[in-house]
Amino acid sequence: MYLLEPRPQPSRRMRWLAPLIAVGLTLLAGSVLFWALGKSPLQSFHVFFIEPLSSANGWSELLVKASPLILIAQGLAVGFRARIYNIGAEGQLIMGAICGGGVAIACQHLQGVWILPAMLLAGALGGALWGGLAAWLKTQFRAEETLTTLMLTYVAGFLLAWLVNGPWRDPDGMNFPQSVMFTDPALFAPLFDGYRVTASVLITLAVVLFFALYFRRSFLAYQLEVAGQAPAAARFAGFSARGGVWLSLLLSGMTAGVAGVAEVAGPVGQLNLNISPGYGFAAIIVAYLGRLSPLGMVLSGLLMALVYLGGEAAQVSLQLPAAITGLFQGMLLLFLLGADAFVDNRLRRRVAVSA
């Protein structure tokens, strides 16, 4: 019989190699999957990972999908470093989109450069409110944030559905569950003419630089990490556990909320039920695959965006179901968790003790 025994000192090198191992195992498992589906693995991988980047439009779409993933992951990493697990970023993204979109709808007949900044502020506050609600439940009632943030995601989704089917539904939208299209002052300008990528990627870049400095230079970031790694030492040093919970969930909610505004004021252009294809959940994988490092999450976000693009291409070229994207994401997460388990632990055979 075998058991996992904690390693006295996990290898730092293997911790950074674990994501590469997980990617390699995902590709290997994907080859078997394509073969079982009667598809050539080489052709399938070409469709999945090469064809989407064979044009300028493909690179534009890569940035469109990578930007929200990277933005959300940066905020999630703050809590994950402190062992505060916000898995409801999808709901915080939706709340940010609702609040920011509400400003756009209210200002539909107005002009002014202030409209878009107001939308971003409202979206950040909406996402922070949704994260703060989970922080309040945890600090006041010791409710697990993994459960509350997830359940609040469904509440946000139902709220969005009620709004676009009711008071905010476009009267000229042929009864589709969607709001009016936003006017130009409420939209991000295209970064390049003829492509969907917008100036919102500059916000993501600024956030990445901010968190790179925050994690490297901020004493507050050090406090949060100590609180997560060694709670007893944090209490002895006088670090506030309650403050860490609030800061982590507010920051991650804000980044998710801003990502929601960037979607509705960018590629989507309105409120509807398809604001996000699951960016808030996929960003969890992005954060861990990037080792909670700002630069690492940029690279893992680009990879995850490529998986989204590859899944769409595989549906068209290979006639594979839409679930192929989620399947690859799931395999990547599974192998990453497995690799991390063996980085932190070693497999040891239990020796039976004779009577």
Stepwise side chain to side chain contact (heavy atoms under 4.5 Å, CB included) test for Leu320 and Gln315:
CA-CA 5 Å; Leu320 293 178; Gln315 294 174 53; 5.5 Å; no
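- Atom-to-atom distance recorded for Leu299:CG and Leu303:CG is 9.0 Å, nearest 0.5 angstrom.
- Between atom CG of residue Leu160 and atom CE of residue Met95 there is a gap of 9.5 Å, rounded to the nearest 0.5 Å.
- Using a 4.0 Å cut-off between charged nitrogen and carboxylate oxygen, Glu145 and Arg83 do not count as a salt-bridge pair.
- The distance from the CG atom of Leu333 to the CG atom of Leu289 is 9.5 Å, given to the nearest 0.5 Å.
- Formation of a donor-acceptor pair under 3.5 Å by the Arg81 side chain with backbone atoms of Leu292 is found in this model.
- Under a hydrophobic clustering in which Ile, Leu, Val, Met, Phe, Trp and Tyr are joined whenever their side-chain heavy atoms come within less than 4.5 Å, directly or via other members, Leu302 and Ile285 fall into the same cluster.
- A side-chain donor-acceptor contact under 3.5 Å links Lys39 to the backbone of Leu318.
- At distances below 3.5 Å, at least one donor-acceptor pair connects side-chain atoms of Arg7 with backbone N or O atoms of Asn345.
- For the side chain to side chain contact (heavy atoms under 4.5 Å, CB included) with Phe281, the qualifying choice from Ile72, Leu93, Ile87, Leu150 is Leu150, the only one to do so.
- Of all heavy-atom pairs spanning Ala29 and Phe335, the tightest one is CB-CE1, 3.9 Å.
- Annotation: side chain of Arg196 is not in contact with side chain of Leu63 (no heavy-atom distance under 4.5 Å).
- Contact of the Ile203 side chain with the Leu120 side chain is registered, since non-hydrogen atoms from C-beta on lie closer than 4.5 Å.
- A single hydrophobic cluster is seen to contain both Met304 and Phe49, as judged by linkage of ILVMFWY side chains at heavy-atom distances under 4.5 Å, directly or through other members.
- A donor-acceptor pair shorter than 3.5 Å can be found between the side chains of Ser276 and Glu90.
- Annotation: Met254, atom CE; neighbour count of heavy atoms from other residues, nucleotides and ligands within 6.0 Å does not exceed 12.
- Ring geometry for Tyr214 against Phe211 counts as perpendicular: the plane angle is over 60°, on a 0 to 90° scale with 30° as the lower cut.
- Note on Leu251: it does not cluster hydrophobically with Leu209, by side-chain heavy-atom contacts below 4.5 Å among ILVMFWY residues.
- Proximity of a side-chain donor or acceptor of Arg348 to a complementary backbone N or O of Leu3 within less than 3.5 Å is not detected.
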Show, in sequence, the C-alpha distance, side-chain angles and deciding distance for Trp168 and Val180, and conclude whether the side chain to side chain contact (heavy atoms under 4.5 Å, CB included) test is met.
CA-CA 8 Å; Trp168 287 0; Val180 296; over 6 Å; no
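- Under the 4.5 Å side-chain criterion, counting only non-hydrogen atoms from C-beta, Met151 is not in contact with Val155.
- With rounding to the nearest 0.5 angstrom, the CG atom of Leu205 is 9.5 Å from the OG atom of Ser67.
- Residues Asp184 and Gln111 have side chains that never bring a donor and an acceptor to within less than 3.5 angstrom of each other.
- In plain terms, the two heavy atoms of Leu69 and Ala283 that are nearest each other are O-CB, 3.8 Å.
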Using ring pair (Phe, Tyr, Trp, His ring centres under 6.0 Å), reason through Tyr308 and Tyr279 one step at a time and then give a plain yes or no.
CA-CA 10 Å; Tyr308 273 111; Tyr279 288 142; 5.7 Å; yes
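- Considering every non-hydrogen atom in both Ala97 and Ile275, the closest pair reads CB-CD1, 3.8 Å.
- Side chain of Trp59 to main chain of Leu53: a donor-acceptor pair is present (N/O by atom type, distance under 3.5 Å, no hydrogens or angles).
- Residues Ala89 and Gly280 come closest through the heavy atom pair CB-O, 3.8 Å.
- Hydrophobic clustering (ILVMFWY, side-chain heavy atoms < 4.5 Å, transitive): Leu159 and Leu152 are in one cluster.
- Under a 3.5 Å cut-off, the side chain of Arg291 and the backbone N or O of Arg15 do form a donor-acceptor pair.
- The closest donor-acceptor contact from the side chain of Ser60 to the backbone of Ala56 lies at 3.5 Å or more, if one exists at all.
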Can Leu42 and His46 be said to form a side chain to side chain contact (heavy atoms under 4.5 Å, CB included), step by step?
CA-CA 6 Å; Leu42 288 178; His46 186 272; over 6 Å; no
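- Aromatic ring centroids of Phe34 and Phe328 lie under 6.0 Å apart.
- Closest of all the heavy-atom pairs between Pro10 and Val343 is CB-O, 3.6 Å.
- Between Leu271 and Ile105 there is a side-chain heavy-atom pair separated by less than 4.5 Å.
- Looking only at side-chain heavy atoms (C-beta outward), Leu191 and Val197 come within less than 4.5 Å of each other.
- Side chains of Leu163 and Arg169 form no contact here, defined as non-hydrogen atoms less than 4.5 Å apart.
- In this structure, Gln74 contributes its side chain and Pro294 its backbone to a donor-acceptor pair below 3.5 Å.
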Glu312 and Lys65: CA distance, side-chain angles, deciding distance, salt bridge (Lys or Arg N to Asp or Glu O under 4.0 Å) verdict
CA-CA 12 Å; Glu312 294 172 359; Lys65 287 179 166 49; 3.5 Å; yes
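- With a 4.5 Å cut-off on side-chain heavy atoms, Ser31 and Phe45 count as touching.
- Counting heavy atoms from C-beta outward, Trp130 and Leu249 have side chains that stay 4.5 Å or more apart.
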Report the C-alpha separation of Phe176 and Asn272 in whole Å, then their side-chain angles, then the decisive distance to 0.1 Å, and conclude whether the side chain to side chain contact (heavy atoms under 4.5 Å, CB included) test is met.
CA-CA 9 Å; Phe176 283 101; Asn272 60 40; over 6 Å; no
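- Contact between Leu273 and Val164 at its shortest, heavy atoms only, is CD2-CG2, 3.7 Å.
- Here the SG atom belonging to Cys107 is positioned 11.0 Å from the CG atom belonging to Leu116, to the nearest 0.5 angstrom.
- Ring centers of Phe141 and Trp136: under 6.0 Å apart, within the cut-off.
- Judged purely by atom type and a 3.5 angstrom limit, Glu51 has no side-chain atom pairing as donor or acceptor with the backbone of Phe48.
- Remark: Leu332 CG to Thr26 OG1 distance equals 4.5 Å, nearest 0.5 Å.
- Although no hydrogens or angles enter the test, the distance criterion places no donor-acceptor pair under 3.5 Å between the side chain of Trp35 and the main chain of Ser40.
- Linking Ile, Leu, Val, Met, Phe, Trp and Tyr residues whenever their side-chain heavy atoms come within less than 4.5 Å places Leu33 and Leu336 in a single cluster.
- For the residue pair Asp170 / Ser179, no side-chain donor-acceptor distance below 3.5 Å is found, with atom types taken as modelled.
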